[in-house]
Amino acid sequence: GTLNGSKTICYVVRRSSAITVAVSLTDNFFSVPGFDAGSPTANVVNNMTQLTFEAIIRINKFIMTEDISTIMGIEQYCLLRLGDAGFPLQQLQFAAQENKIPNADNSKLLLPNEWYHVAVVYDTEARTASIYLDGREQSHAEDYGSGETINLGMQERGKQFMFKIGHSYGEPDDMSRQLDGEICEVRIWNTARTQEEIYKNMYNIEDPEHATGLCAYWKFNEGEGDIAKDYSGHGNDAKAYNKAVLWPSGIEVTQKNKE
């Protein structure tokens, strides 16, 4: 409006949305049948001396009665998650081969209803592990792990814990360690991605079928259905446990690496 001939103009500045589709994991999760022991497509995630997990997540709420929000991996073997018994619900933790990183730290808490890119890089030979938040190292450990290679595709369904996205412990219908929120851009690499590589490629991987070391890549950009395509070219599509998959409208993942 105007006052004494003056005019006030208000501008709203918004960051661009890098991603507009993601899947809800509330009361649901995705498994990967192609990772079952004996599957012809399972070896792509076996005998890994280096490992990088990546995902973009938004937590709707942290459930105070539950200790853990699972992002991805295999229970009691190789798992990226939030929370643990005696550990902050809102802090990232990586657990591999009975080793956990980092120590509890209330300065590293994630907030509900905020989009984050999360990653962990584990080198079994160097015995180092690092957790990254939005492309920046948040935690690091030396002398980490047993030195044994990682195998995500040697587990027998019905007998052992399997690789899953958004679920880890308990029966399939036990959602006590679910990820109550949305996820997209989930990736597995058999290389130790650098901080620069993680930061520059948080929201997309160009030409994924020819990306060195990319073992699996679920963008979760379908917007419908219960199958998430594996864009790595290895054919390991992810399948939802609950076929009534929720694809929320109005998704806007803010781009944080645009200088």
Side-chain angles (χ1 to χ4, degrees), residues 30-56 70-81 92-99 101 117-132 135 137 139-156 160-165 168 183-220 228-238:
F30 282 74
S31 60
V32 186
F35 285 2
D36 288 13
S39 167
T41 56
N43 281 337
V44 70
V45 289
N46 289 333
N47 300 310
M48 294 187 291
T49 59
Q50 296 178 325
L51 170 72
T52 301
F53 281 163
E54 292 185 83
I56 293 175
T70 302
I71 300 173
M72 59 192 294
I74 300 175
E75 175 70 25
Q76 297 180 10
Y77 180 61
C78 183
L79 192 66
L80 178 60
R81 63 195 182 190
L92 289 167
Q93 184 190 74
F94 178 60
Q97 301 163 331
E98 303 302 319
N99 293 267
I101 174 184
H117 179 279
V118 298
V120 63
V121 177
Y122 177 31
D123 189 322
T124 67
E125 295 179 328
R127 296 189 61 200
T128 59
S130 296
I131 290 175
Y132 294 86
E137 187 178 79
S139 302
H140 179 79
E142 299 283 338
D143 299 320
Y144 180 87
S146 65
E148 299 175 8
T149 59
I150 294 292
N151 301 293
L152 302 179
M154 287 188 176
Q155 292 72 29
E156 294 185 56
Q160 296 171 285
F161 292 117
M162 309 296 292
F163 178 90
K164 288 182 281 188
I165 301 166
S168 55
I183 198 167
C184 60
E185 290 294 316
V186 178
R187 310 162 193 160
I188 303 173
W189 304 79
N190 65 9
T191 59
R193 299 279 282 176
T194 67
Q195 184 273 331
E196 183 180 15
E197 288 172 330
I198 292 170
Y199 182 76
K200 286 185 175 180
N201 300 281
M202 290 196 294
Y203 303 103
N204 187 46
I205 299 296
E206 296 290 341
D207 194 14
E209 293 190 17
H210 297 97
T212 301
L214 184 58
C215 300
Y217 181 21
W218 305 281
K219 293 179 70 69
F220 288 102
K229 177 183 174 180
D230 175 13
Y231 280 83
S232 73
H234 295 294
N236 286 312
D237 295 350

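Below, all heavy atoms of this structure are taken into account, side chains as well, without hydrogens, waters or symmetry copies. Predicted model, so just to flag it, every value in this text is computed and none were measured.
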From OG1 (Thr49) to CD (Glu125), nearest 0.5 Å: 4.5 Å
With rounding to the nearest 0.5 angstrom, report the SG to CZ distance, Cys78 to Phe161. 14.5 Å
Is a donor on one side and an acceptor on the other found under 3.5 Å between the side chain of Thr149 and the backbone of Asn47? no
Nearest-0.5 Å distance, CD1 of residue Ile71 to CG of residue Leu80: 4.0 Å
Aromatic contact, Phe220 with Phe30 (centres under 6.0 Å): yes
Within-4.5 Å side-chain heavy-atom neighbours: Thr52 and Tyr132: no
Contact between Leu51 and Val121 at the side-chain level, heavy atoms closer than 4.5 Å - yes or no? no
After noting the C-alpha distance and the side-chain angles of Met72 and Ile188, does the key distance pass the side-chain contact (heavy atoms from CB on, under 4.5 Å) rule? CA-CA 10 Å; Met72 59 192 294; Ile188 303 173; 3.9 Å; yes
For the backbone of Gly213 and the side chain of Thr191, can you confirm whether one donor and one acceptor N or O come within less than 3.5 Å of each other? no
Here the pair of heavy atoms bringing Gly145 nearest to Arg127 is O-NH2, 2.6 Å
Kindly give the heavy-atom pair with the smallest separation between Met202 and His117, and that separation in Å. O-CD2, 3.4 Å
Between Gln195 and Gly135 (side chain of the first, backbone of the second, donor and acceptor by atom type, cut-off under 3.5 Å), is there such a pair? yes
Heavy-atom distance under 4.5 Å between the side chains of Ile183 and Ile56, does that happen here? no
Heavy-atom side-chain contact between Glu54 and Ile198 under 4.5 Å: yes
Minimum heavy-atom separation for Ile101 and Ala129, please, with both atom names. CD1-O, 3.4 Å
To the closest 0.5 Å, what do you measure between CG (Asn190) and CE (Met48)? 7.0 Å
Taking all heavy atoms of Asp123 and all of Gln50, pick out the closest pair and write down the distance. OD2-NE2, 2.9 Å
For Ser39 and Gly34 the tightest heavy-atom approach is OG-O, 2.9 Å
Just wondering, do Asp36 and Glu156 contact through their side chains at under 4.5 Å, heavy atoms? no
Donor-acceptor contact below 3.5 Å, side chain Tyr217 vs main chain Ile205: yes
Taking all non-hydrogen atoms of both residues into account, name the closest pair between Leu79 and Ser168 and its distance. CD2-CB, 3.9 Å
Steps toward side-chain contact (heavy atoms from CB on, under 4.5 Å) verdict (Arg187, Leu214): CA-CA 7 Å; Arg187 310 162 193 160; Leu214 184 58; 4.2 Å; yes
Does the pair Lys219/Glu185 count as a salt bridge with the N-to-O cut at 4.0 Å? yes
So OH of Tyr199 and OG1 of Thr194: to nearest 0.5 Å the spacing works out to 13.5 Å
Would you check if the side chain of Ser232 reaches a backbone N or O of Cys215 as a donor-acceptor pair within less than 3.5 Å? yes
Donor-acceptor check, side chain of Trp189 to backbone of Thr212, threshold 3.5 angstrom: yes or no? no
Between Asn99 and Gln97, is there a donor-acceptor pair closer than 3.5 Å when you use the side chain of the first and the backbone of the second? yes
Do Tyr122 and Phe53 make a side-chain contact, defined as non-hydrogen atoms from C-beta onward lying under 4.5 Å apart? no
Gln155: which residues meet the side-chain contact (heavy atoms from CB on, under 4.5 Å) condition with it, sequence neighbours left out? Ile74, Tyr77, Gln160, Met162
Backbone N/O of Val32 and side chain of Asp237: donor-acceptor pair under 3.5 Å: no
Between the OH atom in Tyr231 and the CD atom in Glu209, the distance rounded to the nearest 0.5 Å is 10.5 Å
Decide yes or no for Asp143 and Thr128: does some side-chain heavy atom of the first lie under 4.5 Å from some side-chain heavy atom of the second? no
Full working for side-chain hydrogen bond (donor to acceptor under 3.5 Å, both in side chains) between His234 and Thr41: CA-CA 7 Å; His234 295 294; Thr41 56; over 6 Å; no
Mark yes or no for whether Asn151, through its side chain, and Asn46, through its backbone, hold a donor-acceptor pair below 3.5 Å. no
